[in-house]
Amino acid sequence: MSNVVTRFAPSPTGFMHVGSLRTALFAWLYARKHGGRFILRIEDTDKAREVEGSIPHIIESLKWLGIEWDEGVDKGGPHAPYLQSERLELYRSYAQKLLASGYAYPDPYSEAELEGFRKQADDEKRPFLFRNHRPSLIDAWDGTKPLRFKAPRIARYEWNDLVRGPLSAGEEAIDDFILIKSDGYPTYNFAHIVDDIEMEVTYIMRGEEFISSTPKFLSLYEALGITPPAIATLPVILGEAGTKKLGKRDGAKDILDYRADGYLPEAMMNFLALIGWNPGTEQEFFSKAELINAFELERIQISGGQFDEDKLLSVNQHWMRQLTDEDYISRGSLSAPDLEKLKKIVPMLKERAHTFNEAKEMLTGELSCVFSEPTLDPKELVAKEPQDRPGLTKQALETLLEALKSLPEGLSADEVKVALMPLADAEEAIGKGGRGAVLWPLRYALSGQVKSPDPFTLVSILGPEESIPRVQKAIEFL
RNA sequence: GGCCCUAUCGUCUAACGGCUAGGACGGCGCCCUUUCACGGCGUAAAUCGGGGUUCGAUUCCCCGUAGGGUCACCA
């Protein structure tokens, strides 16, 4: 059994977007690749920012994508509970430990006093550091004041990042941050470290916004006398504009909106994995199993990557095409007045649609002619009639009508083509554009659309039975 | 502003210090074709700038420049 333990630890402050999901994906991939464990922990230590319904939403998003966890909220496990708000006793006991060893002290200042210190530092154009204001007399901690960490070592910190290699920060990155807030909840800085220790997490994967605070975490581990886990910094995902980190405020979409828009989770996973990681080969499409197999920390990108919806569309189309026709209909929740005909046109949908929403639009739009008789515009019907051959359209349709009458049921599009194409070719031989003068009216008579599948396919799907009346109706216009 | 990080086609990216800097998405063109879509073929398109080190730099070092992150009783 491997000792790899990774986690995803979101705060329940709203929906999941592609940025947070990608972080979860990489942590999960790494655990799976190495036969380790993956934990889902919820960091709900800020009750003011908490958004109702976030936790089920997070769970649903992860499950949709196909990420499953070995321990976590909703599932339990050896380190339960997995909700930080239910672990307050644990944080308090760690706080007592730090207090006892002299690495914590209650913050004696009022908010106004603190504000004064900040302003003073600002006026003097130097960074504000709380550790410059450590009180000389340390009161007992009664829980009403915030508890601060007393950094054991004011020094330059250097560490190794699994993705970026050696990183470092000067001593101004070290400060006496708050461990326990005055409301009794721990801060993120404190709680996540306690939990990672208690849950035996061995690899931490997170976004680059945490690089600057890493020295703080390291000094806390130091005060606790514990070796920190390995850290891998993931590149950010940028919004379409390409400058800012993708976030909720700049229009990042809820991941479940992609589900609603008819994207496949396997496509989303494939696409997300390739932002900020690549296998070093020219392979572009990866199933879940292939991703797990190919995933390597060493091949994670350093610089941020932009989210390109066009590429997602193309990846999605690829995975939609991999589906069997039955799966295509069921996973796309496709419906139509005639199920048998729907089954027949799935290949056409696969050819055209990039998402299931597009497929649905086609069923009620350009492909609706398959299910119901179109209304015709006589002008469009003769759109391809050569100027010098008036009446050709009518003549062609009448010829086609006879041919259709002798056509057996159940022919494939190719077979229909073999039967009807010679009629078009005969006209083509007479004058140029003659083929179009025959096939366009046929296609239009059957579809009522300027853009549609070819007439042979339409005849094959509709059968002579439905095709004949449509052609007759068209002839009546002429 | 302090500290930190980053930099290859428009985008995602490949390239032990060594070929005409490769692929994918998108673009454009041609072919296929009655239309649309699909497909096939082709094409344009990049190493941020300046110095070093080296026989040789996209790659290593320094300086600029640009972008980003972070400096909370948020996570």
Side-chain angles (χ1 to χ4, degrees), chain A residues 9-13 20 43-46 48-49 84 107 111 114 118 121-122 125-130 145-148 156 161 164 167-173 175 177-189 191-192 206-216 233 235-236 238 240 242-245 271 274-285 299 301-315 317 321 347-353 362 366 380 383-384 424 428 433-444 447 449-455:
Chain A
S11 61
T13 52
S20 37
E43 312 216 319
D44 60 336
T45 55
D46 185 354
R49 288 210 315 155
Q84 286 187 328
D107 180 342
E111 272 185 56
L114 244 180
R118 272 211 183 85
D122 201 50
K125 290 199 194 307
R126 50 185 179 77
F128 168 73
L129 288 168
F130 191 92
K145 288 284 191 181
L147 186 71
R148 280 193 186 262
R156 180 166 200 86
D161 187 281
R164 297 185 180 224
L167 293 178
S168 66
E171 56 185 47
E172 52 289 311
D175 200 12
F177 59 88
I178 289 178
L179 301 169
I180 309 267
K181 298 180 271 187
S182 54
D183 66 0
Y185 282 89
T187 58
Y188 161 78
N189 295 325
H192 93 275
R206 61 178 170 211
E208 67 178 66
E209 64 269 29
F210 291 100
I211 292 180
S212 335
S213 39
T214 300
K216 289 192 177 82
T233 296
V236 289
L238 275 21
E240 301 262 16
T243 49
K244 270 183 300 180
K245 186 182 86 160
F271 172 70
L274 267 329
I275 304 180
W277 172 84
N278 75 83
T281 65
E282 288 185 350
Q283 185 175 352
E284 298 281 345
F285 299 113
R299 298 209 63 96
Q301 210 71 235
I302 295 173
S303 53
Q306 207 170 307
F307 183 89
D308 180 6
E309 194 115 15
D310 277 340
K311 192 140 186 174
L312 172 59
L313 240 24
S314 135
V315 174
Q317 184 171 47
R321 285 174 173 174
M348 255 186 281
L349 292 170
K350 279 184 175 171
E351 194 174 291
R352 287 155 189 264
M362 285 169 192
E366 62 187 274
E380 288 294 347
K384 301 279 163 153
E428 180 74 4
R435 188 186 277 180
V438 175
L439 295 177
W440 173 276
L442 175 60
R443 192 186 60 74
Y444 185 75
S447 70
Q449 304 277 340
V450 177
K451 300 173 183 179
S452 82
D454 67 86

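Proteins come first, then strands; the chains are lettered A, B, ... in the order of their sequence lines, and each starts at number 1.
- When the C1' atom is used for both B:rG23 and B:rC74, the distance is 42 Å, rounded to whole Å.
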Pairwise N/O distances under 3.5 Å, protein to nucleotides 70-72 of chain B:
| from | atom 1 | to | atom 2 | distance (Å) |
| --- | --- | --- | --- | --- |
| B:rU70 | O4' | A:Ser212 | OG | 3.2 |

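- Across all strands shown, B:rU6 forms a Watson-Crick or G-U wobble pair with B:rA66, both key distances being under 3.5 Å.
- Checked against ring-ring contact (aromatic ring centres under 6.0 Å, His included), A:Trp440 has no partners two or more places apart in sequence or in another chain.
- If you check every strand for non-hydrogen atoms under 4.0 Å, A:Asp454 touches a base.
- Atom name C1', nucleotides B:rA37 and B:rC31: the rounded distance is 16 Å, in whole Å.
- Out of B:rA75, B:rC12, B:rC36, the shortest distance to the side chain of A:Gln306 is found at B:rC12.
- The same atom, P, is picked in B:rU65 and in B:rG17; the two are 29 Å apart, to the nearest Å.
- Within the 4.0 angstrom heavy-atom criterion, base atoms lie near A:Ser452.
- Out of B:rA14, B:rC3, B:rU11, the shortest distance to the side chain of A:Asp308 is found at B:rU11.
- Taking the side chain of A:Lys311 as heavy atoms from C-beta on, and the options B:rU6, B:rC12, B:rC3, the nearest nucleotide is B:rC12.
- B:rC63 and B:rG69: their C1' atoms are spaced 23 Å apart (whole Å).
- In the set B:rA75, B:rC5, B:rC25, B:rA75 carries the atom at the smallest distance from any side-chain atom of A:Glu43.
- Note on A:Ser182: a base of the nucleic acid sits closer than 4.0 angstrom, heavy atoms only.
- A:Leu442 comes within 4.0 angstrom of no nucleic acid atom, judged by non-hydrogen atoms across all strands.
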### Query
In the 5'-to-3' direction, what one-character label does each nucleotide of nucleotides 37-44 of chain B receive under the scheme B = base within less than 4.0 Å of a protein heavy atom, S = sugar-phosphate only, - = no such atom?
BSS-----
